[in-house]
Amino acid sequence: MPQRIEDYGIVGDLHTAALVGRDGSVDWLCLPNMDSPACFAALLGDESHGSWRLAPASGGPCTTRAYRESTLVLDTEWETPDGRVRVTDLMPPRESSPGLVRIVEGLSGRVPVVSDLRLRLDYGRSVPWVTRSRGAVGAVAGPHGVTLSTPVAVEVEEGPTGDVRSRFEVAAGDRVPFVLTHHDSWHPPPEPARAEDALASTLAFWRAWRAGTRYDGRWPDAVERSLVTLKALTFAPTGGIAAAATTSLPEELGGERNWDYRYCWLRDAAFTLLALLGTGHVTEARAWREWLLRAVAGSPADLQIMYGLDGRRRLPEGELGWLPGYEGSRPVRVGNGAADQLQLDVWGEVLLCLDLARSARLGPHGDTWRLEQGLMDFLEGHWDDLDNGLWEVRGPQRAFVHSRVMAWAGVDRAVRGVERFGLDGRVDGWRALRATIREDVLTHGYDARRGTFTQFYGSSGLDASLLLLPRVGFLPWDDPRVVGTVEAVQRELTQDGLLLRYRSDADDVDGLGGTEGTFLVCSFWLSGALEGIGRHDEAVALFERLLSLRNDLGLLSEEHDVAAGRQLGNFPQAFSHVGLVNTARVLSGGMLADDWTLPSGEA
């Protein structure tokens with residue numbers, strides 16, 4: 001049986017990330033970058049698709065594990081009949097070649113240890129050509145070269161598999177390093193990192209980064225771990241932040257709702273900026289803003305909902321038929337066809353981001369206002385187009401309420417740019433457009449009989465995104481229409497107290513079969529919404545329940561299966577951790593429930 005999603009921890013070097021299981025096996029790693037093909041893909045199949053287990057020969061899950069000093073250095077310990085042993089996993093923040101460092105340390109007794117390395121390039125499909133050279137093991141497949149350096153004896157299995165094995169013992173005080181390094185196959189292998197130096201520099205990096213956190217609210221440990229996780233999902237060269245480190249971890253076990261999340265979504269941008277700015281990480285916020293500006297450069301009509309880590313636009317979706325999928329969840333997908341969808345909310349979200357950056361004084365950018373004016377030109381002609389909505393549904397396009405409200409919010413921030421910051425713009429026309437969109441939503445998106453906004457015009461269904469209407473200033477929290485919507489969403493979309501995005505079986509919304517788990521960021525939104533309508537104790541209780549769903553390392557995936565009591569979806573999920581940070585700030589009094597983007601205050 002595969003490990004549960006929550007059985008994994010993450011280590012990373014701000015370019016890519018590895019998932020390490022409780023059994024000491026690295027079952028997912030893409031090299032050289034997070035959206036590159038995986039060299040370990042057992043997560044979506046089995047060990048024959050690539051893995052690296054480094055653990056006591058006796059096997060089994062670890063006894064304890066924890067991140068060292070709130071960094072991204074992972075210590076995993078086993079108590080065995082022969083003694084205690086620790087494996088420390090880390091990826092040094094990259095200065096040259098990417099590498100995974102693993103250090104085995106004897107703590108007591110004398111423990112037999114095994115290292116079973118199965119490199120499978122191209123998502124488990126390609127068995128590399130494995131050779132020995134100068135005391136190291138090298139593997140080559142196409143453009144990829146990988147080397148393993150260690151002082152212990154290594155055996156390379158003859159034949160087609162090329163598996164690399166080591167068998168050794170560690171006594172108390174022994175430290176045995178393993179260093180896996182990636183390089184372009186047409187270049188000579190680089191010198192491997194010195195494991196102990198890499199450990200020291202990695203700890204120093206994360207200590208220094210953590211020292212920049214400014215947060216004095218409740219639940220500081222949970223907030224800090226979420227911020228470290230967000231940093232781990234950052235692509236340092238560009239400032240982009242991936243939605244998750246994985247692809248195709250299912251939203252329903254055995255189902256088809258399996259997507260590639262190793263890209264940057266514009267819908268996440270404003271939430272992420274808020275979390276970073278609100279906790280003192282201005283450098284990361286500025287880099288994220290700069291990534292955003294580069295990615296969306298060009299015609300505003302060509303705006304996409306997501307981009308590659310480097311800002312590239314083409315993310316063609318394909319299926320990897322040779323992988324059976326996590327617990328049989330097929331298909332396994334790479335790329336994401338939703339990049340070609342029309343989601344009108346992203347125009348509003350980009351305008352929200354740039355307004356937030358301007359308010360936070362992230363520094364001028366010469367082309368920013370010209371870009372915003374271009375976005376406004378597009379919204380003026382297209383705000384009432386039918387679209388696919390923020391959840392990337394693959395059913396019919398609709399007049400989604402959230403999309404229209406986010407268009408309103410974008411126009412509102414453009415008005416604010418003129419009124420508050422003295423920028424030049426057609427403010428009278430924008431004010432009229434803002435009023436038109438608002439009236440349209442109030443007329444067609446609100447069900448007066450039920451006292452709630454609906455998912456889309458003419459729908460009987462609800463959507464968790466409706467909780468965001470007061471967050472962007474569309475209506476105040478004490479408006480009866482907002483209170484009624486919060487209560488209706490809580491009543492109709494909860495499963496065991498946690499929130500679904502929407503009812504996937506209602507109104508043929510998403511065009512897919514099956515169901516999905518409760519969506520964690522939506523549950524965080526509900527906690528903040530309950531705070532907004534004055535139900536503080538209930539908001540805190542829900543937030544603390546959500547904290548209890550984290551794994552032992554403080555990590556969250558995208559969704560939670562309330563029946564099975566386990567995590568679902570891609571992991572770790574940036575949006576879930578952003579929701580944790582921002583909701584903790586709301587509940588701690590460090591941010592008002594409607595202080596997200598500081599609206600201009602239209603009545």
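Heavy-atom basis, side chains included; hydrogens, waters and symmetry copies ignored.
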*Would you sort out whether Val418 and Asp424 count as a side-chain contact (heavy atoms from CB on, under 4.5 Å), showing the intermediate values?*
CA-CA 6 Å; Val418 175; Asp424 293 325; over 6 Å; no
*Give the intermediate values and the outcome of salt bridge (Lys or Arg N to Asp or Glu O under 4.0 Å) for residues Arg431 and Glu419.*
CA-CA 11 Å; Arg431 289 192 189 106; Glu419 293 179 341; 3.0 Å; yes
*Decide yes or no on side-chain hydrogen bond (donor to acceptor under 3.5 Å, both in side chains) for Arg416 and Ser359, but give the supporting numbers first.*
CA-CA 10 Å; Arg416 193 172 114 100; Ser359 300; 2.4 Å; yes
*In sequence, state the C-alpha distance, the side-chain angles, and the governing distance for Phe235 and Met34, and then conclude on side-chain contact (heavy atoms from CB on, under 4.5 Å).*
CA-CA 8 Å; Phe235 187 61; Met34 201 174 302; over 6 Å; no
*Show the numbers, then the answer: is there a side-chain contact (heavy atoms from CB on, under 4.5 Å) between Leu354 and Leu371?*
CA-CA 10 Å; Leu354 298 179; Leu371 170 64; 4.2 Å; yes
_Pair Val26-Tyr8, side-chain contact (heavy atoms from CB on, under 4.5 Å): steps then yes or no_ = CA-CA 9 Å; Val26 178; Tyr8 288 98; over 6 Å; no
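Side-chain contact of Glu372 with Thr368: a donor-acceptor pair under 3.5 Å is absent, judged by distance alone. With hydrogens and angles left out, the side-chain atoms of Ser465 and Tyr502 include no donor and acceptor closer than 3.5 Å. In this structure, a donor-acceptor pair under 3.5 Å is absent between the side chains of Asp387 and Gln397. For Gln573 and Ser557, the side-chain atoms include no donor-acceptor pair closer than 3.5 Å.
Ion pairing between a basic and an acidic side chain is recognised when a charged N comes within 4.0 Å of a carboxylate O; Asp440 and Arg404 show such pairing. Using a cut-off of 4.0 Å between Lys/Arg side-chain N and Asp/Glu carboxylate O, Arg312 and Asp35 are scored as salt-bridged. Of the charged side-chain nitrogens involved, none lies within less than 4.0 Å of a carboxylate oxygen, so that Glu559 and Arg257 do not count as a salt-bridged pair. Ionic pairing of Asp310 and Arg294 is not present here: no N-O contact between side-chain nitrogen and carboxylate oxygen is shorter than 4.0 angstrom. The pair Arg289-Glu284 does not meet the salt-bridge criterion, since no charged nitrogen lies less than 4.0 angstrom from a carboxylate oxygen. With respect to Glu516 and Arg501, a salt bridge is recorded, a charged nitrogen being found less than 4.0 Å from a carboxylate O.
Remark: Phe456 CZ to Asp463 CG distance equals 10.0 Å, nearest 0.5 Å. A distance of 12.5 Å separates CZ of Arg398 from OG of Ser403, quoted to the nearest 0.5 Å. The CH2 atom of Trp209 lies 9.5 Å from the CG atom of Leu14; values are rounded to the nearest 0.5 Å. Between Leu568 atom CG and Tyr326 atom OH the span is 8.5 Å, to the nearest 0.5 Å. Atom-to-atom distance recorded for Thr279:OG1 and Glu224:CD is 10.5 Å, nearest 0.5 angstrom. Rounded to the nearest 0.5 Å, atoms CG (Asn336) and CD (Gln341) are 8.0 Å apart.
Pairing each heavy atom of Leu31 with each of His182, the nearest pair is CB-CD2, 3.7 Å. Taking each heavy atom of Gly528 and Thr583 in turn, the nearest pair found is N-CG2, 4.0 Å. The two atoms that bring Pro331 and Ser248 nearest to each other are O-OG, 4.3 Å, heavy atoms only. When all heavy atoms of Leu303 and Trp347 are compared, the closest pair comes out as CB-CZ2, 3.5 Å. The two residues Ala275 and Leu227 have their closest heavy-atom pair at O-CD2, 4.4 Å. Closest heavy-atom contact between Val489 and Leu462: N-CD1, 3.9 Å.
For the pair Asp412 and Val472, the minimum side-chain heavy-atom distance is 4.5 Å or more. Looking at Leu249 and Asn258, their side chains never come closer than 4.5 Å, going by heavy atoms from C-beta outward.
Of the possible polar contacts, none joining the His281 side chain to the Ala285 backbone as a donor-acceptor pair under 3.5 Å is found. Remark: side-chain polar atoms of Ser36 are not paired, donor with acceptor, to backbone N or O of Cys30 under 3.5 angstrom. In terms of modelled atom types and a separation under 3.5 Å, the side chain of Thr234 and the main chain of Leu230 share a donor-acceptor contact. Glu317 contributes a side-chain N or O that, together with a main-chain N or O of Gly337, makes up a donor-acceptor pair within less than 3.5 Å. Formation of a donor-acceptor pair under 3.5 Å by the Tyr215 side chain with backbone atoms of Val581 is not found in this model. Side-chain atoms of Trp525 never come within 3.5 Å of backbone atoms of Leu466 as a donor-acceptor pair (strictly under, hydrogens ignored). A donor-acceptor pair under 3.5 Å is formed between the side chain of His577 and the backbone N or O of Leu556. A donor-acceptor contact shorter than 3.5 Å links the side chain of Asp13 to the backbone of Thr16. Judged purely by atom type and a 3.5 angstrom limit, Ser201 uses its side chain to pair as donor or acceptor with the backbone of Ala198. When atom types are taken as modelled, the side chain of Ser126 and the backbone of Asp122 share no donor-acceptor pair closer than 3.5 angstrom.
A cation-pi arrangement, defined by a distance under 6.0 Å to the six-membered ring centre and an angle within 45 degrees of its axis, is absent between Arg210 and Phe205. For Arg313 and Tyr307, the positive end is not near the middle of the six-membered ring at less than 6.0 Å and at most 45° from its axis. By the 6.0 Å and 45° rule, Arg358 stacks over the aromatic ring of Phe421.
Scored by the salt bridge (charged side-chain N to carboxylate O under 4.0 Å, His left out) test, Asp260 finds Arg262 as partners (sequence neighbours excluded).
Between Tyr263 and Trp265, the two ring planes are tilted [angle within 30° to 60°].
More than 12 heavy atoms of other residues, nucleotides or ligands sit less than 6.0 Å from atom CG of Asp302.
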Sequence neighbours left out, cut at 3.5 Å: what donor-acceptor pairs do the side chains of residues 266-273 make with other protein atoms?
residue, atom, partner, partner atom, Å
Arg267, NH1, Leu390, O, 3.0
Arg267, NH1, Glu392, OE2, 2.8
Thr272, OG1, Asp268, O, 2.8

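Between Trp391 and His402, the distance from one ring center to the other does not fall under 6.0 angstrom.
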